[in-house]
Each structure stands twice: as structure tokens, then as C-alpha cells.
Amino acid sequence: MEVLNKVYYPKDIEKKWSQRWEEAQCFCAKFNHKPAFSILMPPPNVTGILHMGHTLNNVIQDILCRWARLQGQEVLWIPGTDHAGIATQSKVEKELNKEGLSAKSFGREAFIRRAQDWRNKHGHIIYDQLKSLGVSCDWSRATYTLDPQYSCGVLTAFVRLYESGYIYKGKRLVHWCPVSQTALSDEEVIMKTIPGKLYTFLYKIVEKEDTFIPIATTRPETIMGDVAVAVHPEDPRHQHLMGLHCQCPFTDRIIPIIADKAVEKDFGTGALKITPAHSPIDFEIGKRHELPLINVFNPDATLNEHGAPFQGMDRFQAREAVVEALKSKGLLQKIEDCEHAVGHSERSHVPIEPYLSEQWFLRYPKVKEAQQCVEEGCIDFWPKRWIKTYQHWLNNIQDWCIGRQLWWGHRIPVWYHKQDPQNMHVSVEGPQDPENWNQDPDVLDTWFSAWLWPFCTAGWPDKEALKTNYFDRFFPSHTLVSGPDILFFWITRMIIASLEFLEDRPMAQRIPFQNIYLTGIVRDSMGRKMSKSLGNSPDPIDLIRTYGTDGVRIGLLSIAPQGQDIRFDARFLTQGRNFCTKLWNACRFRQMQDECVLHASLQDFIVALEQKPLSLYDQHLLVRLHATLQMFETYLKTFEFNAAIKLVQQFFKNEFCDWYLEVLKYAREQTIGNPLAVQDLCLRQVLIMLSPFAPFIAEELWEQLQFGKGFIHEAGWDLTPLQNFIHTFSSQNLEQIETIEVLRGVVSALRSLKAECKLSARKQITLYACLRETCTETFKQHWQLIQRLAGFQSIEYCDASSLPIVSAATITTSWGTFALLTETHNERQRIQKDIHALSAHIASAELKLSNENFVNHAPQEIIEGVKNLLKDNLRKREDLQKLLK
RNA sequence: GGACGGUUAGCUCAGUUGGUUAGAGCUACUGGUUUACACCCAGUGGGUCGCAGGUUCGAGUCCUGCACCGUCUACCA
């Protein structure tokens, strides 16, 4: 018969199955009577390229989907991409700049066309990369956040929130990115603690000759925007100055010295310059004291006319210049080093400015409900500890600045009348007479579209679309899988949006997902975050080329404990690849033994098992297989993927290959048991367990070995027939089956004995055995196998006194003592060492048992356990002591 | 400043409700290759479980304090 290639070549096989799955539309969700299961794929940016984080996330989602399919559920997994406002806009701007053009000169319409072109050209890259990971999502339902229907949902959400009073326009300090020149939300600002300087300047008191007040600041460039100096009302140092005025440097402004409790007495000089247009605290103080707002910056953070005499300078240049100027006037008292936290733009990495502007804000609806649904357990977190973080954020939630001064995105559906700009029109369709209106120039934050993902992907608010997409069947989804970095950006907001917009349902039907699984961060082998600038982020596509998709998936998952950061090292992928090869070869070995015939169902396998009586080795393996299957199921239910994959690997390698197949080579010669049927069943179940993790190789071998008529994911996961079958023999025979474990221990001990004597494993010599009476029969029953596995020519049974002692190496097991004739020195010493070790264990056990407290308090089974162990050790020691005599 | 996570073998990590002599994998070292697989097999070595106390008959596991590493979060010019 035809046998597999000697080596597994993933590339062709992956291509073949990707095509076959797609042709058969395996992963398109259908309407049927199966239980429904769905997952929301976090949409990557259209500008994105696949990184290790995506790889981990999507593989986990794929495992959940494939596992659900195995269990007979109908699975919907919608993929998609996000238009990524700032990221895409800056990418296109850069491209234009290269051509010597600027976005502004290009104009809004032309720019958007250009961005669309860009998306059409590059949008498929991330999809192709995802496909090569083997993800089983429904590509026919792929959604893009700027699709017309999706956009309609976004605008509808805006209009509804506006109408119910949650969206409003306000003039206040926002986080301003001087590079992208747009406002940002709180979440897009990253606080970094950086070293800076704290300058102390002297402001001249107007009312008193030659008197100064020292003020401390880290931002001298905003001095021209000062409108007051504030001190703490109870600060003794400045009592005499309160109510007086001082001169604002570089301007002719006379500014008051005011008292406000927000000033920290102990920081700096205790006197704070108040620049309400450039600092949130100052803004609040300014409001309380009705101070004017003076903005000294242009949108790009160069100084404007209020910043004279430094107009036109960049903010950092201006800082130097101001310091120099005041120094030359003798008004600089000191410069100190100081660490302080400065907000940085998440995208362009520059320090953000608190900047006064008019923006759209959202006051979050349904905050209480969002907390409640987690408290009540409608939504569960994995790992649980994230619940605290989630609740903490909701407790401190701030209004969301949703407007962005960009062109790329959903334009805000608000129009201002040309004659009367106070007259606003807010609707999805826009006004009837557009010629009389100007639309708001801003677009919405990208996350304002992403937070609608759970239902806009199904066509919300269009009721017909929701129906044709079986929304009610597949909502809520089962699990959201993501990194914790977008817990607030996206996950929490999706919960709020779903609670708000699906209002006519009970809470359990309004939440977007039942579980939130937060993965760890993939770091490099030194524990650093992966980043472009460090160049420590491997390209998953390269890794797939080297290790195969399944190798990458297995390797990555086996080092990803639940919610813990991952230290990535390619050598783990080597393990994954090696495992695939091993699996491949075990199947090849099966083919070499005998023809494989088509088995259509699990029942067929069991029928095959019943054709011949099973050996003890067969029975033992089947019992182990069953235990493995049950454990596997538990692990997947509790999202312990790394434990699950390790379990399968361990069963397959240690129990199946290294033990059973070696036994089988002997058993076949002896024609005992039913090794073919046992192998078939084990391989079948191993492939099934592996299929969510390593879908390509599993599918290929499933076909090669003819384990079913259809795809492997149609195999089903009902263990009952197997359980019943195993019960037929294991119930009366369990004790005997368990002796196989001891047998393995004895074989291992004998191998070790030979190795220690520097004898080759194949060296055929005589084994001297001094067996315990109760074990003699069992030992003899397995002797031929032991002989073969450990390599002995013959055996001589003897009692302890006749064992050849001094010139022999010995080992003692629970079945008895074994010895080899060899030129070993120090054998006595070795035995003494063993006796010594045993004595320590014996002493500890005896101490325990003589402790009344222990005997009175400890549970019976623990005491029994200690007693048995003591007995066993005592006997072993006795055996050894006999040898020395 | 607050919250959370981590600290167990050279490395990466398991270790359930406290309970028998703390386990894997990788690496290292030794040896082997018979009916699959050198992307293989067998064997060996290696740990006062971060530190200091406490509770208990019994602590890697529970409690208290400390140290170090990391993440998030709020920030004072």
C-alpha cells in the first residue's frame, strides 16, 4: 500500500486544505438546528501587518471555534478590518509628502479618494496573513468599518445618543496631538515618567519695591499665558503677598496673587503660576476665580501672537529661549532636575498638549448596567483578576472626546445653517436642502465605530439585515479574546454600546459576549515588549515558513499560560514542528503495518476493537487514553490551552509512542492483543484533540488514515460509546491494568542500572532477580517484554543470600532486587548511599507516625499512605542490607 | 500615590480544597540507533520553592511584613 512521505512538508498540505475548506464553505455559518456559537474577531487595522499578538489571539479564537464545531455547534466567526483613522491618515499623508504634495493642498475629497485607493491596494494583506494562520472564520461575512451599511450604523448611533442627550459639544481642555493636529481621548494618551527640569523664576511684586515671589514651573514656554499666581491659603510663607499683584514677564500684564486650596504647599516654592489654557489644574483654578484664558500656541504647538516675543518658535525652542531671557534679567533663581509624568500621543509618540478647543463629547450611558452585568456573572473574565480593573475604570469614567480633526473616518452627522450657525441639523441622511448648510468638518474617533462591532457586523440598525444574518441566534457571542491593552478602548465600550442599543432585551441577551479572555503580552526572550524600533518582533509569516503553521500554533500555545505574559523564543516552535513530524511518522508507521480501512464512526472503531481479545497493554493504554480525553475536555472548558496541548503531547509521546508502540513491536511478534485497532482508536482521538490546535496536519492524517468520511471537525466529540466500551473490561481488571505502571517503572530501573554500569542498552547479559513472593508471577508474565525492552540475554532467579553481591550492580524496586555481574567498583558504597537516603525517608515517616498530634488529626488515608510508604521503604532497605552481608 | 501580577532546577514554566519522597519541557552530560521518527530513543545531573516572621500535627500552597521585577492607573506646577 502507499505510505506517507518520510518527512512532513507543511506547505503543500496547508495550501491544499485551505482550498478544500473554502470550496466546501466549511466555515460559513448556516441556519440550522445546531446550537449556535459565535466569536467576534477584534478587527485589525487596515494599515496593519500581522504580529505575534495577532497570531496568539487569533489562534486562540480559532481553537475555540474549531472546538465548538467538533462538539456539533454551528459556528459564526466574523473577520473584519478597522479603518484606523489616525494611523491610515498619517500613512497616506506620508505617501503624499514623498511625492512633494501636502494633504492640505490636496483637499478633502481628493485625499479621501487617495486613502480609499490605498485601502483597496493594501487592505487584503492582513486578511491573507490571517488566512495563513489557518483561521476558520467566515470570510463571506468580512466587514470593514467604512462599509456603507456599517457606516449607517455608526451615524445612527451618533444621532440616537445626541437625541437622548448623551452627546454634546463643549469648549474645554482636551489632549491635543500637535503632530496629527487632532484631539485625542484620554485612552490615547500614554503617561510616561521622564526626566525634566524644574525652573524657579522670580515674579516682581507690583505693589512693593524690590520684592519678588518665586514660582516653580516645568513649562516656562507658557509664561506668556499666565493670568495669576496662586498660593495655598494657609501657606505662612506667602501670607503677606495675597491679594497683591505681580508682573507677568514678557507682557505688560499685571496679574493677581490668589489663594486656592488646589496648590500644594510643599511642592516647589508653594507658588504656582496659573495658565488656564495650558494645564488642567490651572483650568479648574481659573474657572473658580473667573480668570481669562490666554492660549499661546498654534495647533502645531508653535507659539502664536500671544507668545510674543517668541512667536513662531517651536514649544521646546521657546522653553530654552524663555529661560535664557529670564536668566539674563536675573529672574532665574534655580534649575533643578525633576522626574515628571508627561502625556504622550499613542500614535505619534510626541508629548501631547492640554489644548483649549471646542469638541464633541459623549457622556457614557449604561455605566451602572455595565458594572452590574459583570457583578451578576453575565460576563465572566479570564483570568478573573481583570474584573477589578474593569470596575475601577467604570467607577472613574470620564466623558469621551469623540471628535477628531481628521478627514479619514465617519464624518460627524451635524450640519450648521449657513445663515444661522446656531441652527443645527443632526441626522443620518443630512438636511433636505444641503446647499444651505455646512457639515461639521470633524470625523468620529475610530473607536466610536469599533464599539458597535458586536451588532453593526450583523447590519444593525436594519431589521431585515439582522434577520438574514441570524443575529438573534448568534448573539451574544461566546468569548472575546484580546490583549488587555484594549480593555477600555474597545471591550468595555462594546459592553456599554450593546447595553444601550439593544434595549428591548433582557440583560443576558444584551451583553455582547459571555466571556472575556485576556491574553498576555508576547515579549521577546529577554522579556522586552516586541516593538518595531527594537527590531525584536519576528514576522509570523517567516515563522510559518520555517516551522509550518501547525508547528507555530502548537509551539506558541504551549508556552502561553492563561493570562500570563509570554517569553517568546523560536526554539519553542521547534518543539511544535518536531511534534508534527513525530505525529506524521507514527501514522506512517501505522500504515506500514497494515492496510487502513475506512471507519465511518467511533462505533466502527469499537467494533474493530471487539474482534480480538485485548492484551493488558492494550487495556492499559485505552484507560489512559480515556483519562486524557476527559482531562482535555476540562482544560478547554476553562481556557487552559497550554495545559490541554501539553496533555495531548504527553499522552502521544510518552504513553503512545515511547511505551505502547515499543511494546507493540514485541506484541505483534507474539500475536497478542489487538494492536491495530488500539492504534487506530488512539490515533483517531489524538488527531481529534489536536485538530483545533493543529488543523492542517490533523485534517491531512485524518484523510490519509481514512478515519472518517468527512472533515475532521465533523467527527463529533461524544465519549460515551468509548466510555462504555472501556467499562466492559476495566471494571473487573483495574488492578492488573495498573500493574503496567509498575512494569514501566521496573523497565526504567533496569535500563538505568545498565546505563550506570556503562553497559550499552543492547548489551545482552544475564539478569539476576531476587523477587518478592507476591510479585513473582506478575514478573514472569512480563519477563519476555522486559527482556526485550531493557536488553537481557537471560535471567537467573535466586534468593537474597545467593545474589552475587560484591562484584555486582544492584537495584531495588517494589518487585524485588535485581543485579548484574559487572566490573563495578564502589558498589558497596553505592548501596550504602541508597540505604542512607532510604533511612532519611524512613525516619521522617516514623517521626510522623509517632507524633500523637499527627495520628489524631490527619485524615485516615494520609496516615495509611505514610504507613504504606514506610513499609515499602523498610523492605527495600532490608533487601539492600542483606546484600551488604 | 493607588491597584494588580510575578519571584520554584542553568532557561521557560506546572504545582487544584494545606497532606505521602516538589514535577515537566528545553539546555548540559552519558550512552544507543532493532519494524516509524536524529525534527529519534534510553539514561544522568541539577531545587533550603525571593527574604523574615506567623498559623497548623503538617506550608511551595494560608496570614503578616519586606525586597526585587513587571503591568495598569492617577498624577504637582
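Order of the sequence lines sets the chain letters (A, B, ...), proteins ahead of strands, with each chain counted from 1.
- Using a 4.0 Å heavy-atom cutoff across all strands shown, A:Lys388 reaches sugar-phosphate atoms only and no base atom.
- A cation-pi geometry, defined here as NZ or CZ lying under 6.0 Å from the six-membered ring centre and within 45° of its normal, does not hold between A:Lys646 and A:Phe651.
- Between A:His392 and A:Thr217, the residue anchored nearer the 5' end of RNA chain B, judged by the nucleotide with its closest heavy atom, is A:His392.
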Review point. Yes or no on salt bridge (Lys or Arg N to Asp or Glu O under 4.0 Å) for A:Lys273 and A:Asp226, after CA distance, side-chain angles and deciding distance?
Key: CA-CA 6 Å; A:Lys273 73 185 199 62; A:Asp226 286 1; 2.9 Å; yes

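- A gap of 15 Å separates the P atoms of B:G60 and B:A9, to the nearest Å.
- Under a cut-off of 6.0 angstrom, the local environment of CD in A:Glu852 is sparse, with at most 12 non-hydrogen atoms contributed by other residues, nucleotides or ligands.
- Contacts of residues 653-660 of chain A with RNA chain B (heavy atom under 4.0 Å): A:Lys653, A:Cys657, A:Asp658.
- Distance, A:His278 NE2 to B:C76 P: 16 Å, rounded to whole Å.
- In this structure, CD of A:Glu662 is placed 14 Å from P of B:U33, rounded to the nearest angstrom.
- For A:Ala586, whose side chain is taken as the heavy atoms from C-beta onward, the closest listed nucleotide among B:A36, B:C75, B:U73 is B:A36.
- Regarding contacts with the backbone of B:G25, every side-chain N or O of A:Ser558 stays at 4.0 angstrom or more from both OP1 and OP2.
- Evaluation of the side chain to side chain donor-acceptor pair (under 3.5 Å) rule for A:Asn856 yields no partner, not counting sequence neighbours.
- Spacing of C1' atoms, B:U17 relative to B:C11, comes out at 32 Å, to the nearest Å.
- Going from the P atom of B:A52 to that of B:U8 covers 15 Å, rounded to whole Å.
- Ring-plane geometry between A:Phe641 and A:Phe639 is classed as perpendicular, the angle between the planes exceeding 60 degrees on a 0 to 90 degree scale with a lower cut at 30.
- Side-chain atoms of A:Thr200 never come within 3.5 Å of backbone atoms of A:Ala216 as a donor-acceptor pair (strictly under, hydrogens ignored).
- A tilted orientation is assigned to the rings of A:Trp584 and A:Tyr8, their planes being inclined by 30° to 60°.
- Taking atom CD on A:Glu336 and atom P on B:A77, their separation rounds to 13 Å, with Å as the unit.
- As judged by a 4.0 angstrom heavy-atom cut-off over every strand, A:Arg751 is placed among residues touching the sugar-phosphate backbone only.
- A straight line from CD of A:Glu346 to C1' of B:C72 spans 14 Å, rounded to a whole angstrom.
- At a non-hydrogen distance threshold of 4.0 Å, A:Lys848, A:Asn851, A:Asn853, A:Phe854, A:His857, A:Ala858, A:Pro859 from residues 845-859 of chain A come into contact with RNA chain B.
- When each of B:U73, B:U21, B:A36 is scored by its nearest atom to the side-chain atoms of A:Phe488, the top-ranked nucleotide is B:U73.
- Applying the salt bridge (Lys or Arg N to Asp or Glu O under 4.0 Å) rule to A:Arg385 yields no partners; only residues at least two apart in sequence or on another chain are considered.
- Distance check on atom C1': B:G54 versus B:C13 gives 30 Å, rounded to whole Å.
- Residue-level contact check: A:Thr574 touches neither bases nor backbone, having no heavy atom under 4.0 Å from any strand.
- Counting heavy atoms from C-beta on, the side chains of A:Leu789 and A:Trp659 come closer than 4.5 Å.
- Only the P atoms considered, B:U61 is 14 Å distant from B:U20, to the nearest whole Å.
- Atom CZ in A:Arg788 sits roughly 19 Å away from atom P in B:G32 (whole-Å rounding).
- B:G10 sits 13 Å from B:C49 when the P atoms are compared, rounded to a whole Å.
- Within 6.0 Å of atom CD in A:Glu336, more than 12 heavy atoms from other residues, nucleotides or ligands are found, so the atom counts as buried in its surroundings.
- Because its NZ or CZ atom is not both nearer than 6.0 Å to the ring centre of A:Trp386 and within 45° of the ring axis, A:Lys388 does not count as a cation-pi partner of that residue.
- Between A:Phe381 and A:Tyr390, the ring planes are tilted. Angles from 30° to 60° get that label.
- Annotated stems with RNA chain B as a participant read B:1-7 with B:67-73, B:10-13 with B:23-26, B:28-32 with B:40-44, B:50-54 with B:62-66, given as range with range, by first number; only runs of 3 or more Watson-Crick or G-U pairs under 3.5 Å qualify.
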Point to revise | Reading 5' to 3' through nucleotides 5-12 of chain B, protein heavy-atom contacts under 4.0 Å coded B for base, S for sugar-phosphate only, - for none | key: S-----BS

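- Protein atom CD1 of A:Ile194 is 14 Å distant from nucleotide atom C1' of B:C75, rounded to whole Å.
- For A:Lys582 against B:A38, no side-chain N or O and base N or O form a donor-acceptor pair under 3.5 Å.
- With a 6.0 Å cutoff to the six-membered ring centre and a 45° limit on the axis angle, A:Arg493 counts as a cation-pi contact of A:Trp400.
- Rounded to whole Å, the separation between the C1' atoms of B:G53 and B:G31 comes to 49 Å.
- Taking 4.0 angstrom as the limit, A:Asn642 places none of its side-chain polar atoms (N or O) nearer than this to OP1 or OP2 of B:C13.
- Spacing between atom NZ of A:Lys646 and atom P of B:C13 amounts to 10 Å, rounded to whole angstrom units.
- Side-chain contact check for A:Thr275 versus A:Val227: every heavy-atom pair is 4.5 Å or farther apart.
- The nucleotide whose nearest atom lies closest to any side-chain atom of A:Gln575 is, among B:G25, B:U21, B:A36, B:G25.
- Residue A:Ser748 is classed as a sugar-phosphate contact, given heavy-atom separations below 4.0 Å to backbone atoms only.
- Both A:Ala216 and A:Glu187 lie close to RNA chain B; mapped to their nearest nucleotides by heavy-atom distance, the more 5′-ward contact belongs to A:Glu187.
- For the pair A:Thr628 and A:Leu647, the minimum side-chain heavy-atom distance is below 4.5 Å.
- Within the cation-pi definition used here (under 6.0 Å to the ring centroid, within 45° of the axis), A:Lys754 qualifies as a partner of A:Phe792.
- Relative to the side chain of A:Arg523, the nucleotides B:U73, B:U71, B:A36 differ in distance, and B:U71 lies closest.
- No donor-acceptor pair closer than 3.5 Å links the side chain of A:His238 to the backbone N or O of A:Ala259.
- A:Leu869 places its CG atom 10 Å from the P atom of B:U20, with the value rounded to the nearest Å.
- In this structure, A:Ile274 reaches neither bases nor backbone, as no heavy-atom distance under 4.0 Å exists between it and the strands shown.
- Separating the P atom of B:U48 from that of B:C75 is a span of 47 Å, rounded to the nearest Å.
- Proximity note for A:Ile281 (side chain, C-beta onward) versus B:C41, B:C76, B:A77: the nearest is B:C76.
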